[in-house]
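Input: a single structure, listed below in structure tokens.
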Amino acid sequence: MLAMHSIQNVDQLNLKLESTLQELPVWTIQLEIDYPGNDLTRLFEEEPLLPGIILTKDKKYLGVISRRLFFEQMSRPYGLGLFAGRPIEYLYNFLQPNILVFPEDTLIVEATQIALGRSHKQVYETIVITDQSYQYGLLDFHQLLLANSQIHVLTLNRLQKEKEKARAARADFRDLQDNYSRLLQNDKMIALGQLVAGIAHEINNPMNFIYGNLNYAIEYVQDILFMIECYQQEKPYSDVLFEAKEKGIEIEFIMEDLPKLLSSMKVGATRVNEIVLSLRNFSRLDQAKIKAVDIHEGIENTLIILKHNLKAKPDRLEIELIKEYDNLPLIDCYAGQLNQVFMNIIANAIDALSESNNLILKTRKKLQIRIRTELTNDNYVIIRIADNGSGIPEEVQKRLFDPFFTTKAVGKGTGLGLSISYQIVVEQHGGELHCISTPEEGSEFIIKIPVVSNHSEEIPQNLKVSSLTNSVTS
């Protein structure tokens with residue numbers, strides 16, 4: 001029914017400026033189109049990173065259904081009822097997905113430009129790669145962006161060498177600016193993919209809980225409707241009770257269990273609503289100008305999005321979160337941009353506590369991130385985000401906020417997250433951003449912004465596509 005290549009990370013590849021799609025890892029999971037839709041659900045659950053599934057008819061390529069389109073359709077009303085038990089062909093004909101197909105000898109840079117030119121609804125869709133023998137594989141869009149980022153880093157290194165010539169230096173600077181803008185956009189898309197994966201993980205549990213109880217709720221309602229129908233026929237209570245027992249209906253049990261079941265489903269639905277609301281509040285798409293907002297709400301929304309990264313992993317303890325919030329007034333700020341700063345710094349702290357080969361962290365009985373807020377007498381708000389990791393070396397601290405400086409492996413960071421954070425805090429909000437770190441004890445980032453802003457209402461052009469990703473492992 002399926003086959004799969006060995007998948008490796010893009011950051012393990014030795015890419016060159018002229019690298020093609022043939023060098024990237026692809027998925028080749030295939031499924032015959034006459035299989036039921038439930039098989040798609042099972043495959044996606046077995047492979048959390050699987051971007052899509054190749055559909056075949058009589059073992060010949062037919063098309064692709066991506067993870068995003070599949071779960072988007074299944075989450076709609078009646079989606080499960082219409083397609084889960086029927087052959088996949090019904091769902092495929094209904095969706096009619098528009099998939100981008102590239103030959104394997106296409107340059108990575110060229111493929112990235114074409115992929116980014118798709119409509120906003122299609123831009124995150126998986127990409128199909130075909131070889132000369134018409135074998136098909138699926139490339140995750142974010143893997144393509146990571147590969148493109150590596151190539152851009154190589155481009156920057158080459159440009160740096162060219163700067164030795166005075167005449168070429170001016171042209172190199174213009175190219176560097178172009179690459180800077182592209183890297184910002186690429187980082188943003190990669191981060192969005194990470195956010196979507198985190199949100200999907202958080203929503204999955206309450207949704208499974210609701211779906212698991214739905215069949216019982218339907219069965220209870222059908223039993224109640226049956227008894228109501230008997231009463232409408234003016235049958236005596238004893239006869240109705242007898243017919244219900246004959247049908248296997250335990251009315252006493254239903255009266256006791258149905259309210260509990262509905263209450264538990266409401267808890268799951270409330271959790272999903274909280275997650276979705278947090279994501280909307282985090283993005284603050286409706287607040288492009290300075291507005292008075294609750295800083296704590298922005299921090300909480302960010303923590304909900306990153307919650308799955310705090311849980312224990314096979315090579316790491318659970319990260320304990322300690323919050324010490326002061327009573328703060330509403331703050332004049334660009335809410336969406338400031339939320340980016342929280343995301344960058346907290347994600348950095350999580351990465352700092354997730355270094356599996358770090359001997360210092362292995363001796364820690366607890367891994368902690370502490371977030372404190374306070375209001376100063378001169379009407380400033382201070383947000384402190386600290387971790388008990390291994391700390392940042394002094395020579396690295398001096399360059400923390402430099403553009404393109406990163407201590408991470410190629411493909412895992414471009415050195416823009418903290419640089420962008422510094423611009424947002426200092427240039428946009430007239431505040432301060434500092435880092436205090438002690439080797440073997442941990443690091444603390446201190447954000448200081450005024451309660452009332454006296455800065456321009458216009459967001460600087462170079463921050464409109466700012467990155468959500470972190471840049472330096474603390």
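Scanning for side chain to side chain contact (heavy atoms under 4.5 Å, CB included) contacts around Tyr92 gives Ile33, Leu55, Leu62, Ile65, Pro97, with sequence neighbours left out. Partners of Phe102 according to the ring pair (Phe, Tyr, Trp, His ring centres under 6.0 Å) rule, which considers only residues two or more places apart in sequence or in another chain, do not exist here. Partners of Phe44 under the ring pair (Phe, Tyr, Trp, His ring centres under 6.0 Å) rule, at least two apart in sequence or in another chain, are Phe70, Phe71.
Atom CD1 of Ile299 and atom CD1 of Ile385 lie 6.5 Å apart (nearest 0.5 Å). Between atom OG1 of residue Thr155 and atom CG of residue Asn148 there is a gap of 8.5 Å, rounded to the nearest 0.5 Å. Put simply, NZ on Lys307 and OG1 on Thr302 are 14.5 Å apart, with the number rounded to the nearest 0.5 Å. Taking CD1 of Ile369 as the start and NZ of Lys323 as the end, the distance is 12.0 Å to the nearest 0.5 Å. For the atom pair SG of Cys435 and CD1 of Ile392, the computed distance is 4.0 Å after rounding to the nearest 0.5 Å. Between the CD atom of Glu110 and the OG1 atom of Thr20 there is a distance of 11.0 Å, given to the nearest 0.5 Å.
In terms of modelled atom types and a separation under 3.5 Å, the side chain of Gln397 and the main chain of Ile436 share no donor-acceptor contact. Formation of a donor-acceptor pair under 3.5 Å by the Asp34 side chain with backbone atoms of Glu89 is not found in this model. The main-chain N or O of Leu50 is found under 3.5 Å from a side-chain atom of Arg67 such that the two form a donor-acceptor pair. With hydrogens and angles disregarded, no donor-acceptor distance shorter than 3.5 Å links the side chain of Ser443 to the backbone of Ser437. Under a 3.5 Å cut-off, the side chain of Asp39 and the backbone N or O of Tyr35 do not form any donor-acceptor pair.
Geometrically, Arg68 does not engage Phe141 in a cation-pi contact defined by less than 6.0 Å to the ring centre and at most 45° from the axis.
The neighbour count for Glu18 CD, taken as heavy atoms of other residues, nucleotides or ligands under 6.0 Å away, is above 12.
The minimum heavy-atom distance linking Leu418 with Ile345 is given by the pair CD2-CG1, 4.3 Å. Shown here for Leu69 and Glu125, the closest heavy-atom pair between the two residues is CD1-OE1, 3.5 Å. Gln337 and Ile424 make their closest contact through O-CD1, 3.5 Å (heavy atoms, listed as atom of the first residue, atom of the second, distance). A pairwise comparison of heavy atoms in Cys333 and Val293 identifies SG-CG2, 3.2 Å as the closest pair. Summarising the geometry of Pro450 relative to Gly430, their closest heavy-atom pair is CD-O, 4.0 Å, with the distance given to 0.1 Å. Taking all atoms of both residues into account, the shortest heavy-atom contact from Leu21 to Ile108 is N-CG1, 4.0 Å.
With a 4.5 Å cut-off on side-chain heavy atoms, Val128 and Tyr61 count as touching. Within the 4.5 Å cutoff, no side-chain heavy atoms of Ile114 are placed close to those of Thr106. With a 4.5 Å cut-off on side-chain heavy atoms, Asn93 and Leu91 do not count as touching. With a 4.5 Å cut-off on side-chain heavy atoms, Glu104 and Leu24 do not count as touching. Residues Ile350 and Asp387 form no side-chain contact, since every pair of their non-hydrogen atoms from C-beta on lies 4.5 Å or further apart. The side-chain heavy atoms of Ile331 and Leu338, taken from C-beta on, include no pair separated by under 4.5 Å. Taking 4.5 Å as the limit, some side-chain heavy atom of His142 sits within range of a side-chain heavy atom of Tyr124. In this structure, Thr56 and Lys60 have side chains that are not in contact, with every pair of non-hydrogen atoms separated by 4.5 Å or more.
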Set out, in order, the CA-CA distance, both residues' side-chain angles and the distance that settles side-chain contact (heavy atoms from CB on, under 4.5 Å) for Ile447 and Phe342, then state yes or no.
CA-CA 9 Å; Ile447 304 166; Phe342 299 148; 4.0 Å; yes
What do the steps show when you test Ile304 against Glu300 for side-chain contact (heavy atoms from CB on, under 4.5 Å), and what is the final call?
CA-CA 6 Å; Ile304 288 178; Glu300 289 299 316; 5.5 Å; no
Test side-chain contact (heavy atoms from CB on, under 4.5 Å) on Glu47 and Trp27 and set out the steps.
CA-CA 11 Å; Glu47 294 289 346; Trp27 296 83; 3.6 Å; yes
After noting the C-alpha distance and the side-chain angles of Glu23 and Ser19, does the key distance pass the side chain to side chain donor-acceptor pair (under 3.5 Å) rule?
CA-CA 7 Å; Glu23 301 176 46; Ser19 290; 3.3 Å; yes
Could you give me the CA-CA distance, side-chain angles and deciding distance for His434 and Glu432, then say whether side chain to side chain donor-acceptor pair (under 3.5 Å) is met?
CA-CA 7 Å; His434 304 287; Glu432 301 174 11; 3.0 Å; yes
Side chain to side chain donor-acceptor pair (under 3.5 Å) for Asn344 and Ser421? Distances and angles first, verdict last.
CA-CA 7 Å; Asn344 288 338; Ser421 298; 2.9 Å; yes
Before you tell me yes or no, could you show the steps for Gln135 and Ile129 under side-chain contact (heavy atoms from CB on, under 4.5 Å), namely the whole-Å CA-CA distance, both residues' side-chain angles and the distance that decides it to 0.1 Å?
CA-CA 8 Å; Gln135 298 296 315; Ile129 299 178; over 6 Å; no
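Between Arg364 and Glu440 no salt bridge is recorded (no basic side-chain N to carboxylate O distance below 4.0 Å). Taking a cutoff of 4.0 Å between a charged side-chain nitrogen and a carboxylate oxygen, Lys311 and Glu318 do not qualify as a salt bridge.
When each of Ile295, Leu433, Val425 is checked for a side-chain contact (heavy atoms from CB on, under 4.5 Å) with Ile383, only Ile295 meets the rule.
Aromatic pair Tyr334/His429: centroids less than 6.0 angstrom apart. Separation of the Tyr90 and Phe83 ring centroids does not fall under the 6.0 Å cut-off.
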